[in-house]
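Have a look at the structure below before the remarks.
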Amino acid sequence: MRIIISPAKNMVVDTDSFAVDGLPQFLERAERLRAVLQGMPPSELQALWKCNDSIAKLNVERLAHMDLRRNPTPAILSYKGIQYRCMAPGVMEASHLDYLREHLRILSGFYGMLRPFDGVAPYRLEMQAKLSVDGCRDLYQFWGSRLARQLAAETEFVLNLASKEYSRAVEPHLSKNVRFATCVFGEWKNGKIIEKGTQCKMARGQMVRWMAEHKIKDPEGLQAFDQLGYHFHKELSSENHYVFLKQPEHPA
């Protein structure tokens, strides 16, 4: 099993807490993206990033001095967002971190796909950014089927805890031999499932942590997830679509 999650926009440098295992698998392509970004004027970068002046200034400075090979931060500690706070890798036991090392993969517009302890540098580049590179109209075309092929080489079951923006970079390219299952976290209202962004991010992070704590290695084990008030709903779920709702009772 491989678990895929989204990155976070906010990133930090932490070279003290954990050592890195190595560098990202698609580092040469990340270096190509870096070169393209470094050749763009600040105004175009800010438009690409869709951010305010202070965030743009920070990332322009980062880009100017970006070294992808020296003093990197483990990817799992580099991202700072709701999902990562709920995952809380900084306070995990060693055995739980080993679980993440084997099973977790982080999708990235800049790095493609990361193992938790790949060393990274702070960057800003969302997968859906309209960046044309080497004749590719956007990053989905730039990454193509590479990420899916790498996952297929590692596993026959992919658990999708990523947002649609990122899962779109993988799902269309997977062969039929690889099972791809998406988790939905929501509430039942007016006859339908309502998903709320912040709560979904919290649930995804909590599920990763729970899976590491319980060493979940097969899809069936996921049905026991009961954190943050969520419960698995068999009647609303399918082989490739796992539904977790806030209320324990079957929706009317």
Side-chain angles (χ1 to χ4, degrees), residues 1-9 11-15 17-38 62-63 66-79 81 83-84 87 89 97-129 131 133-136 138-163 165-175 177-180 208 211-212 217:
M1 176 173 17
R2 291 295 181 270
I3 309 159
I4 57 172
I5 63 173
S6 304
K9 292 180 182 178
M11 299 184 71
V12 298
V13 173
D14 182 347
T15 58
S17 297
F18 298 128
V20 301
D21 287 345
L23 295 173
Q25 295 164 292
F26 301 104
L27 184 60
E28 290 185 1
R29 293 192 69 77
E31 289 177 329
R32 176 60 187 140
L33 290 175
R34 178 189 60 182
V36 171
L37 293 171
Q38 287 177 332
R62 282 176 168 174
L63 189 59
M66 183 180 285
D67 189 329
L68 302 185
R69 297 175 183 271
R70 295 183 61 189
N71 300 318
T73 296
I76 196 68
L77 294 183
S78 184
Y79 296 107
Q83 181 173 1
Y84 291 83
M87 198 189 314
L97 293 172
D98 286 339
Y99 178 93
L100 297 188
R101 183 179 276 108
E102 179 179 356
H103 297 285
L104 186 67
R105 299 294 180 263
I106 304 168
L107 302 180
S108 164
F110 186 73
Y111 282 104
M113 186 166 64
L114 294 162
R115 296 159 297 201
F117 289 90
D118 284 346
V120 302
Y123 67 90
R124 188 177 180 90
L125 188 65
E126 297 179 62
M127 186 67 78
Q128 62 186 0
L131 181 66
V133 182
D134 297 339
C136 299
D138 55 25
L139 292 174
Y140 293 108
Q141 191 173 36
F142 177 80
W143 289 112
S145 61
R146 290 175 178 82
L147 313 185
R149 291 202 309 268
Q150 180 59 42
L151 284 169
E154 297 180 19
T155 186
E156 295 180 349
F157 176 68
V158 175
L159 178 66
N160 176 30
L161 293 178
S163 64
E165 172 190 350
Y166 285 91
S167 62
R168 179 184 158 196
V170 170
E171 185 178 11
H173 303 288
L174 282 174
S175 70
N177 297 327
V178 180
R179 181 179 168 192
F180 185 87
V208 172
M211 291 178 71
K217 294 186 178 180

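Residue numbers start at 1 and run along the sequence shown.
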Has [X] got a side-chain atom pairing as donor or acceptor with [Y]'s backbone, closer than 3.5 angstrom?
X      : Y      : answer
Glu165 : Gln128 : yes
Arg29  : Phe142 : yes
His103 : Met1   : yes

Would you name the heavy atoms of [X] and [Y] that are closest together and state the gap between them?
X      : Y      : value
Ala162 : Ser167 : CB-N, 4.2 Å
Leu139 : Glu126 : CD1-O, 3.2 Å
Pro89  : Leu77  : CG-CD2, 4.2 Å
Thr15  : Pro72  : CG2-O, 3.6 Å
Leu107 : Pro7   : O-CD, 3.0 Å
Ala169 : Met127 : CB-CE, 3.8 Å

(message) Give me each pair satisfying salt bridge (charged side-chain N to carboxylate O under 4.0 Å, His left out) with a member in residues 145-157, each pair once, sequence neighbours excluded.
(response) Arg2-Glu154, Arg105-Glu154
In the structure I gave you, are the side-chain heavy atoms of [X] and [Y] within less than 4.5 Å of one another anywhere?
X      : Y      : value
Pro122 : Val13  : yes
Val178 : Phe157 : no
Met11  : Thr73  : no
Leu125 : Leu33  : yes
Leu104 : Met211 : no

(request) Could you check Glu171 against Asn160 for side chain to side chain contact (heavy atoms under 4.5 Å, CB included), going step by step and ending with a plain yes or no? (result) CA-CA 9 Å; Glu171 185 178 11; Asn160 176 30; 5.6 Å; no
What distance do [X] atom [atom1] and [Y] atom [atom2] have between them, rounded to the nearest 0.5 Å?
X      : Y      : atom1 : atom2 : value
Leu147 : Phe26  : CG    : CZ    : 5.5 Å
Ser145 : His173 : OG    : NE2   : 6.5 Å
Leu161 : Ile106 : CG    : CD1   : 12.0 Å
Leu159 : Ile5   : CG    : CD1   : 11.0 Å
Asp67  : Asn71  : CG    : CG    : 8.0 Å
Ser108 : Tyr166 : OG    : OH    : 6.5 Å

(message) Which residues pass the side chain to side chain donor-acceptor pair (under 3.5 Å) test with Ser163, not counting sequence neighbours?
(response) Ser6
(message) According to side chain to side chain donor-acceptor pair (under 3.5 Å), who are the partners of Ser17, at least two apart in sequence or on a separate chain?
(response) Asp14
(message) Could you work out, with salt bridge (charged side-chain N to carboxylate O under 4.0 Å, His left out) as the rule, every residue matching Asp21, not counting sequence neighbours?
(response) Arg101
(message) Among residues at least two apart in sequence or on other chains, which ones pass side chain to side chain contact (heavy atoms under 4.5 Å, CB included) with Arg34?
(response) Glu31, Gln38, Leu63, Met66, Leu68, Phe110
(request) Please list, chain by chain and in numerical order, all residues satisfying side chain to side chain contact (heavy atoms under 4.5 Å, CB included) with Val36, sequence neighbours excluded. (result) Arg32, Leu131, Val133
(request) Report the C-alpha distance between Val20 and Phe117 in whole Å, list the side-chain angles of each, state the deciding distance to 0.1 Å, and finish with yes or no for side chain to side chain contact (heavy atoms under 4.5 Å, CB included). (result) CA-CA 5 Å; Val20 301; Phe117 289 90; 5.5 Å; no
(request) Output, in order, the C-alpha distance, side-chain angles, deciding distance and verdict of side chain to side chain contact (heavy atoms under 4.5 Å, CB included) for Val158 and Ile4. (result) CA-CA 7 Å; Val158 175; Ile4 57 172; 4.0 Å; yes
(message) Using ring centroids (six-membered ring only for Trp), state whether Tyr123 and Tyr111 fall under 6.0 Å.
(response) yes
